[in-house]
Amino acid sequence: QVLLVESGGGLVQAGGSLRLSCAASGRSFSRDIMAWFRQLPGKERELVAQIGGSGATTYYSDFAKGRFTNSRDNIKSSVYLQMNSLKPVDAAVYYCAAGGPASRHAYVLDYWGEGTPVAVSN
């Protein structure tokens, strides 16, 4: 059984930082693109960042550029999202996903975690 388990979400003040982690099990994703999406209530999931299998290639949505850093450790079967300078508009449930091509569209990815909530106070 493939599992992606996110952790690290929580409440932070505006301007603060959080580091999200996603641990994968059940199969190797070391050659797969892995991605972070986020979702606000009533809205579609939007791509935050994605990272290639080796970790050398990354992509960030415009709102994440310069503030968020996506990394991975294939030995630990984990990916990470370091989020700095958080804003109230960043508040959402953040999901880890894998098992598909590089895309902004959530539907192309086969495996999803349950999500970890991030709240940002003023």
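The shown structure was predicted, so the numbers you read here are calculated from the model rather than taken from an experiment.
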What's the separation between atom [atom1] in [X] and atom [atom2] in [Y], rounded to the nearest 0.5 Å?
X   : Y   : atom1 : atom2 : result
I51 : S54 : CD1   : OG    : 8.0 Å
F68 : L20 : CZ    : CG    : 8.5 Å
L81 : E6  : CG    : CD    : 11.0 Å
Y59 : L47 : OH    : CG    : 6.0 Å
T69 : M83 : OG1   : CE    : 11.0 Å
I33 : R72 : CD1   : CZ    : 9.0 Å

> How would you list all residue pairs meeting side chain to side chain donor-acceptor pair (under 3.5 Å) that involve residues 19-39, not counting sequence neighbours?
Replying inline: R27-D32, S28-S30, W36-N70, R38-E46, R38-D90, R38-Y94, Q39-R45
> side chain to side chain donor-acceptor pair (under 3.5 Å) with D73: which residues, sequence neighbours excluded?
Replying inline: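 D73: no side chain to side chain donor-acceptor pair (under 3.5 Å) contacts found.
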> Partners of K43 by side chain to side chain contact (heavy atoms under 4.5 Å, CB included), sequence neighbours excluded?
Replying inline: L40
> Which heavy atom of Y80 sits nearest a heavy atom of K76, and at what distance?
Replying inline: OH-CD, 3.9 Å
>> I need the minimum non-hydrogen distance between A106 and W112, along with the two atoms involved.
In response: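 What the structure gives for the nearest pair is O-CZ2, 3.3 Å.
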What side-chain donor-acceptor pairs closer than 3.5 Å can you find for residues 113-122, not counting sequence neighbours?
residue: T116; atom: OG1; partner: G9; partner atom: N; Å: 3.1

>> Let's go through S61 and V48 carefully: what are the C-alpha distance in whole Å and the side-chain angles of both, what is the deciding distance for side-chain contact (heavy atoms from CB on, under 4.5 Å) to 0.1 Å, and is it a yes or a no?
In response: CA-CA 5 Å; S61 290; V48 178; 5.8 Å; no
>> Using the rule given for side-chain contact (heavy atoms from CB on, under 4.5 Å), can you reason through M34 versus L4, listing the C-alpha separation, both sets of side-chain angles and the distance that settles it, and then say yes or no?
In response: CA-CA 11 Å; M34 296 193 73; L4 300 177; 4.0 Å; yes
> Should F37 and L109 be marked as a side-chain contact (heavy atoms from CB on, under 4.5 Å) after you check the CA-CA gap, both sets of side-chain angles, and the distance that decides it?
Replying inline: CA-CA 11 Å; F37 281 75; L109 294 163; 3.4 Å; yes
>> Show every disulfide bond (SG atoms under 2.5 Å apart) that has at least one partner inside residues 47-93, sequence neighbours left out.
In response: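 Non-adjacent pairs meeting disulfide bond (SG atoms under 2.5 Å apart): zero.
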> How would you list all residue pairs meeting disulfide bond (SG atoms under 2.5 Å apart) that involve residues 60-122, not counting sequence neighbours?
Replying inline: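 Output for this query lists C22-C96.
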